[in-house]
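To start, the structure itself, in structure tokens.
The structure presented is a predicted model; accordingly, all values stated were derived computationally and were not measured. Both counts, for ligands and for their atoms, begin at 1 and track the order of listing. The figures here come from the full heavy-atom set of this structure, side chains too, leaving out hydrogens, waters and symmetry mates.
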Amino acid sequence: MTTKRILVTGAGGQIGTELVTALRSRYGDANVVATDIQPLPAAIREAGPTARLDVTQADALAELVRRCDIDTIYHMAAILSATGEEKPRLAWNVNIGGLYNVLEVARELGVRRIYNPSSIAAFGPETPKVDTPQETVLRPTTMYGVTKVAGEMLGAYYHRRYGLDVRGIRYPGVISSETLPGGGTTDYAVEIFYEAIRHRRYTCFVRADTVLPMIYMPDCIRATLMLMEADAERLIHAAEYNLASLSFSAGELAAAIARHIPDFVCEYRPDFRQQIADSWPQTIDDSAARMEWGWQPEYDLDGMVADMLAKLTPRLAG
Ligand code: AKB
């Protein structure tokens with residue numbers, strides 16, 4: 001497929017900002033329209049086309065897709081798990097209303113390929129926690145998880161019914177050095193770096209023994225582009241790939257950081273997010289992604305920690 005024009009929703013978010021940069025360097029700055037409901041960072045605004053977009057407004061989305069002749073949408077706009085528990089109605093409206101608009105506009109205007117990310121939040125307490133299989137129990141206990149399962153099914157429906165090419169990954173927690181995550185349960189795995197560098201202390205909102213699947217942003221972006229560029233004939237699952245990269249406890253992460261910052265102290269004061277974390281898997285079986293589109297992670301825990309500290313320290317210290 002030769003991509004003509006790409007639209008990214010949620011382009012100012014943690015994944016969106018780095019995805020836009022990667023897409024622009026691959027397909028050309030002018031061919032990637034970055035959109036968000038919030039003002040976008042200057043680096044994104046200055047490098048290529050941007051627009052303000054509320055994904056719950058179908059007419060505005062349709063107008064943009066038509067005007068910019070879009071043929072591929074990366075739909076990254078979403079309310080994450082912790083905010084979703086505080087504002088369940090907002091999570092439903094943005095995550096399901098927004099996705100429905102994207103799929104409908106795509107169907108009506110001939111957009112050829114959609115990226116619709118899912119999450120480990122699609123799993124729930126009844127799902128096997130270790131080596132969580134590709135095909136398994138999807139009974140989440142968060143509103144965010146409910147929208148992710150419904151979103152996977154909606155994508156599959158549009159594929160079956162209208163032949164839309166909808167693809168997606170069940171993202172683990174994403175760790176990155178450029179844009180802070182917002183409103184997720186896995187946010188502690190990013191915040192800890194900022195606090196370790198700035199204050200040598202962090203109070204973590206999950207227990208030290210909480211193990212969750214995580215991924216470092218360079219691997220996350222690479223996986224996303226690999227899936228979107230894979231031959232459609234090779235994809236059996238398409239809209240809901242399990243993806244594994246790193247799995248570690250909060251205590252192991254703190255210890256890995258302390259190997260670089262010996263006076264770093266991490267305390268643990270679990271809040272409501274502990275219950276969300278406890279409902280998710282610890283390790284993921286991603287053999288479908290490996291077999292169908294050649295997925296292979298590059299970063300291990302120590303490699304990720306070293307790279308995060310090398311990038312953040314000069315920016316934050318002092
Ligand atoms: C969250 O914590 O809500 C997200 C996710 C795992 O999808 N990072």
Seminar exercise, completed: Expected contact list for ligand 1 at under 4.0 angstrom, heavy-atom basis, is L80, S81, S119, I120, Y144, G184, T185, T186, W280

Exercise. Would you call the rings of Y74 and Y115 parallel, tilted or perpendicular if under 30° counts as parallel and over 60° as perpendicular?
Worked result: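 The arrangement is tilted - the two ring planes meet at 30° to 60°.
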
Problem set entry | Sole residue of D271, T142, L212 in side chain to side chain contact (heavy atoms under 4.5 Å, CB included) with I276 |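 One option only clears the test, and that one is T142.
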
Validation: residues 86-99 side-chain donor-acceptor distances under 3.5 Å, sequence neighbours left out:
unit_1, atom_1, unit_2, atom_2, d
N95, OD1, I79, N, 2.8
N95, ND2, I79, O, 3.0
N95, ND2, T147, OG1, 3.1

For this session: Give the C-alpha distance, both sets of side-chain angles, the deciding distance and a yes or no for side chain to side chain donor-acceptor pair (under 3.5 Å) between T127 and T132.
Result: CA-CA 7 Å; T127 308; T132 302; over 6 Å; no

Show me the donor-acceptor pairs within less than 3.5 Å that the side chains of residues 116-123 make with the rest of the protein, sequence neighbours left out.
unit_1, atom_1, unit_2, atom_2, d
N116, ND2, G151, O, 3.3
S118, OG, E152, OE2, 2.7
S119, OG, A121, N, 2.8

For this session: Could you note down all residue pairs passing ring-ring contact (aromatic ring centres under 6.0 Å, His included) where residues 219-248 supplies at least one of them, sequence neighbours left out?
Result: H237-Y241, Y241-W293

